[in-house]
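Below, read A as the first sequence line, B as the second, and so on, with proteins coming before strands; counting in each chain starts at 1.
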Amino acid sequence: MESLIANLQAQLPSGHRIVTISFSLKHSFSLEAGLVQEWIRTNRLLVLVENSTESALLIYIVSKNVADEFSLERTIPLDTEFKCEIDTASANIVTTDIFLKLSRKKVHLLFEMLPGFKANKFVDEVVKASEVANKKRAPPNFSWLEVYNPQLVWESTTGSDSEQPTSAATELQPSSQNCHDAIPAHLNHKSDSELSSPDVTAHRSSIATGGATPIAARESVVRYQMALRETAYTDLRQISIFLGTYNVNGQPPTSGLADWLSVDKDPPDIYAVGFQELDLSKEAFLFNETPREEEWLRAVIRGLHPKGKYRKVKLVRLVGMMLIVFIQEKHWAYVRGVASEFVGTGLMGKMGNKGGVAIRLDLHNSSLCFVNSHLAAHTEEVERRNQDYLDICNRLVFSTTFPSKAIKDHDQVFWIGDLNYRLSGDLDLLRVKDLLDQSNYQALLQYDQFRAQHAARKIFVGYQEGPILFRPSYKYDPGTDNWDTSEKNRAPAWCDRCLWKGDNVQFKEYRSHPGLRMSDHKPVSCLLECGVKIIDTVRYRRIYEEVMKKLDKLENEFLPQVSVDSTEINFGNVAFNEGATKILTVANTGQVPVQYEFIKKHRDSKYCKPWLACEPYTGFLMPGDNSYITLEILVDKRTAWSLNSGLDELYDILVLHLDGGKDIFITVSGNYQKSCFGCSIEALIQMHQPIAQVAPETVCQLEKAAYPSIDPGNDSDSKQPVLAVPKELWFLLDELYRRGMDTPGLFEQPGLSTEIAAIRKTLDESLPDTLPGSVHSVAESLLIFLETLKEPIIPFSLTQKALDGCGAFPSCKTVYSCLPLSHQHVFKHIISFLKEVLLHSSKNGLDAKTLVALFGSALIRLPPPNYPLGPSISLSLNQPHLDRKRCMFIHHFLVNDLDD
Amino acid sequence: MAKKSYDLLFKLLLIGDSGVGKTCILFRFSDDAFNTTFISTIGIDFKIKTIELQGKKIKLQIWDTAGQERFHTITTSYYRGAMGIMLVYDITSVKTFDNIAKWLRNIDEHANEDVEKMILGNKCDVEDKRAVSKEKGEMIAREHGIRFMETSAKANINIESAFYELAQAILTKTCGREQAEPLDRVPLDGVRSDRQSNRCC
């Protein structure tokens with residue numbers, strides 16, 4: 001991983017530093033990032049780079065085949081438009097993967113990662129970098145990114161506000177935070193009720209070039225597709241939510257709260273009631289203990305709307321900040337995932353005198369979050385308040401839910417509290433009171449710090465607030481409706497506010513409740529109508545099944561597919577030692593790259609019979625590409641006998657296996673022309689006719705009977721008299737005797753393969769008077785004939801003995817006497833022929849040394865590795881040693897007389 | 001890394017004489033389609049299909065085999081690992097029915113001992129060419145204690161039910177094991193690790 005970072009870093013311009021990397025799978029890297037696009041997921045490499053104070057994400061396409069090949073797909077500047085979330089949509093599907101949602105303007109990307117330290121670190125770094133961007137005061141300048149992509153022209157975000165839809169209801173801009181964010185804009189208009197055929201072709205090339213793993217991405221694709229179709233299987237049910245906030249200035253509840261909590265005709269479905277300064281005592285601050293919690297809880301319960309039957313969902317308190325959520329009993333069954341959290345932003349940035357408390361819950365298929373906060377006080381502390389808000393946003397995480405959720409990860413967020421924003425300080429107090437006496441709130445709201453900060457998008461981006469048509473909730477002389485007359489003489493301000501964020505929220509009421517006079521604040525409340533998503537199980541089921549069906553279809557389509565031009569390959573007549581080739585064309589007709597291989601059938605040791613070879617036997621094919629496999633058939637001395645004897649036939653079924661897919665059977669066949677080459681002496685001496693004229697079954701019979709009958713005299717059941725030596729051997733020797741004894745270079749010059757083939761054919765088919773071809777071809781044919789005998793002249797069982805006894809003629813003679821009778825005849829025949837050859841050495845130039853070297857390997861052969869002779873054969877001789885011993889053995893017979 | 005959007009993976013196998021309609025049965029089930037042109041399967045192919053049974057998502061991996069005689073020795077090596085086998089014959093061909101016994105022997109020799117079996121008499125839409133009565137099919141199934149159904153891939157008769165029934169039988173067996181073993185030991189990938197422990201059910 002370090003080397004990869006170094007590698008990538010080397011490619012980046014100087015000054016651009018890689019912060020962290022997220023990796024694709026299936027390489028030697030440790031982390032996966034799959035980009036989920038519609039139906040498939042493709043591998044990406046995410047790289048976070050920074051250049052001085054700015055950061056950006058580089059997204060590389062990872063090639064599947066070449067581990068180190070990346071091509072830059074896009075760059076995403078981390079500016080204020082950039083959003084990074086852990087996606088938690090459709091929580092009803094259990095998964096252990098992390099879904100990272102990145103969005104900036106119209107770009108929405110959903111990445112899937114394996115959970116773990118590296119993923120966490122990556123996400124942490126991105127979030128950190130994004131926070132830095134949000135706090136940055138200097139105008140963003142991402143022109144440094146142009147080096148990555150010349151086409152990318154940096155466009156400042158300041159002019160981008162027009163892209164945001166504006167809401168007619170309020171002056172604030174809503175921002176959709178639900179799962180629709182991940183949907184590319186062009187998909188939104190698609191029909192929800194039926195599954196439109198996705199444009200997979202757009203991704204074909206990425207599948208082809210590797211990385212696409214539609215099957216592995218199944219879980220994420222289901223999530224994505226179901227989220228895409230949410231409106232098709234959910235209905236909106238309207239519920240009313242009452243938000244109430246009250247800074248009680250440490251006072252106990254001395255009067256009823258009904259004038260605040262139940263002023264509306266109908267009982268709200270949900271109450272979220274927040275308090276600040278519940279207890280100003282040191283004990284409350286230091287030990288977070290206060291009797292006031294219980295007192296106020298009871299007061300609230302008494303003050304709830306009498307027509308509703310409520311159940312407490314949760315109560316959370318941090319020092320003086322308390323939030324209680326109630327829901328009508330009838331909705332309780334649909335509440336899940338209740339959790340609460342708090343964040344202190346007070347003294348030292350963490351004490352609980354300031355900060356926020358929050359409660360979250362899932363109601364049907366919507367996630368709701370309620371926040372009650374008390375931000376820093378005093379007119380001049382605007383920045384401090386802004387910071388408190390940002391700290392709460394960043395630090396408040398519901399960790400008991402899985403995956404953990406921050407405030408922004410909810411469909412709808414309701415934020416109440418004493419936000420403490422005042423009227424800006426340059427306003428004269430008398431003028432304020434004057435305007436208030438005229439109920440000219442709009443004029444005063446021009447000076448409202450909250451509105452100014454909000455309009456500057458420094459706080460509560462995406463939140464909305466109802467129109468303020470009530471007197472400031474602060475600051476009064478307790479017990480009265482009179483403005484503060486204390487020494488401090490605080491200016492009136494709308495400290496206590498109710499805000500919301502999310503889709504389908506309708507504003508109803510926003511007001512203060514001056515009748516409650518216990519505190520120097522007046523309680524404020526806001527009534528909202530919210531659309532909560534309810535899953536229609538029948539429609540959900542149907543759509544879910546459609547999605548699964550579609551996925552099955554895709555999964556099947558993405559299985560490796562090839563077609564072969566033929567599954568039956570017939571080589572026709574095949575002769576000994578004459579190779580033939582056929583081409584098998586394998587075409588990748590599927591949509592994914594294919595790794596193919598001929599595989600072994602269950603008990604076989606090789607994927608094909610020994611007389612066949614496939615080149616290449618394994619390969620990789622891109623979609624649309626062809627592979628040409630050469631099938632070569634060759635019957636040589638290793639395989640001829642098993643074909644002659646009928647133990648084998650020219651018939652094989654190859655299994656062409658596609659990695660992760662099907663197997664194709666390729667039948668290879670041929671008609672082997674039985675030949676005297678590759679027979680056994682025992683069989684040949686019983687064939688009076690050329691082998692081509694002997695019935696194939698008879699050849700098989702003779703061969704099977706001949707082997708391994710090594711002891712002499714086991715020819716009792718043959719009716720015909722046997723030949724002394726194979727007639728083919730006799731023809732070859734005779735031809736050489738007549739034509740070749742004086743030929744220079746006899747046995748040393750190679751023959752012509754065509755002539756050798758013609759000689760073989762002549763011997764197989766006739767009883768010739770003469771053989772075709774040159775002397776050299778005849779000579780080579782003789783050597784080949786001897787080498788291809790099933791059992792060499794010195795049988796394998798005697799090989800060891802022959803080599804051991806090569807030192808002296810008597811021991812060699814003993815070996816000779818152990819030979820089967822037919823072998824003795826052949827041996828004797830050849831020795832006398834060789835002696836004859838040597839008599840002509842002045843003409844043919846041969847000496848004994850050369851001759852024994854040539855015939856040694858033809859007469860004495862090492863048994864094949866699997867030869868069934870048990871452990872007695874321990875021929876661990878090296879080649880020169882072996883050759884010398886063979887030569888010595890033969891040489892004894894050339895210089896001695898066998899009959900002595 | 002295998003990501004699972006399913007709870008269980010069942011490997012099923014279609015066997016039977018050449019031309020009885022194994023590929024068509026699979027094609028009907030997986031793609032809900034039928035192709036009248038006969039293309040002999042030369043090899044082993046599979047398709048996947050996700051179904052839901054008892055609230056469990058089950059991924060069926062259904063292997064289609066070459067029926068031709070010459071491939072039998074090779075295809076039997078694919079039996080092992082199959083959790084369910086569908087043995088198909090053609091109700092219009094006595095020969096394919098007579099071979100059932102041979103196929104059953106093949107299963108005994110090469111498949112897992114506890115494999116769930118099912119006999120399908122396919123092409124039941126071609127009543128006028130029927131050569132094997134339904135009773136005969138039922139009888140041989142009863143003799144061997146195997147499920148039986150007459151199906152038609154062409155007319156889409158009993159195809160879904162056959163697969164669901166076979167899957168249900170495997171599920172029942174798997175669940176029986178689930179209760180006997182600690183939950184975390186249940187092989188979710190459908191690989192039967194220990195045959196002996198399966199015997200109890």
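The environment of NZ in Lys601(A) is crowded: more than 12 heavy-atom neighbours from other residues, nucleotides or ligands sit within 6.0 Å. More than 12 heavy atoms of other residues, nucleotides or ligands lie within 6.0 Å of NZ in Lys606(A), so this atom counts as buried by the packing criterion. Atom CZ of Phe27(B) sits in a crowded spot, with more than 12 heavy atoms from other residues, nucleotides or ligands closer than 6.0 Å.
Ile48(B) contributes atom CD1, which lies 10.0 Å from atom CG of Leu554(A) (distance to the nearest 0.5 angstrom). The line from CG of Asp45(B) to CG of Leu658(A) is 8.5 Å long, rounded to the nearest 0.5 Å. A distance of 4.0 Å separates CD of Glu52(B) from CZ of Arg541(A), quoted to the nearest 0.5 Å. Between Ile44(B) atom CD1 and His657(A) atom NE2 the span is 11.5 Å, to the nearest 0.5 Å. Residue Ile42(B) holds its CD1 atom at 10.5 Å from NZ of Lys662(A), rounded to the nearest 0.5 Å. For the atom pair Asp31(B) CG and Glu557(A) CD, the distance stands at 8.5 Å (nearest 0.5 Å).
Annotation: side chain of Leu551(A) is not in contact with side chain of Thr50(B) (no heavy-atom distance under 4.5 Å). In this structure the side chain of Lys57(B) reaches within 4.5 angstrom of the side chain of Met548(A), judged on heavy atoms. The side-chain heavy atoms of Lys59(B) and Glu555(A), taken from C-beta on, include a pair separated by under 4.5 Å. The closest side-chain heavy-atom distance from Phe46(B) to Asn556(A) is not below 4.5 Å.
At a 4.5 Å heavy-atom cutoff, the contact between Val655(A) and chain B is made by side-chain atoms alone. Using a 4.5 Å cut-off between heavy atoms, Lys553(A) does not touch chain B at all.
Shortest non-hydrogen contact noted between Ala66(B) and Phe665(A) is CB-CE1, 4.2 Å.
With salt bridges taken as basic N to acidic carboxylate O contacts below 4.0 Å, one links Arg70(B) and Glu568(A).
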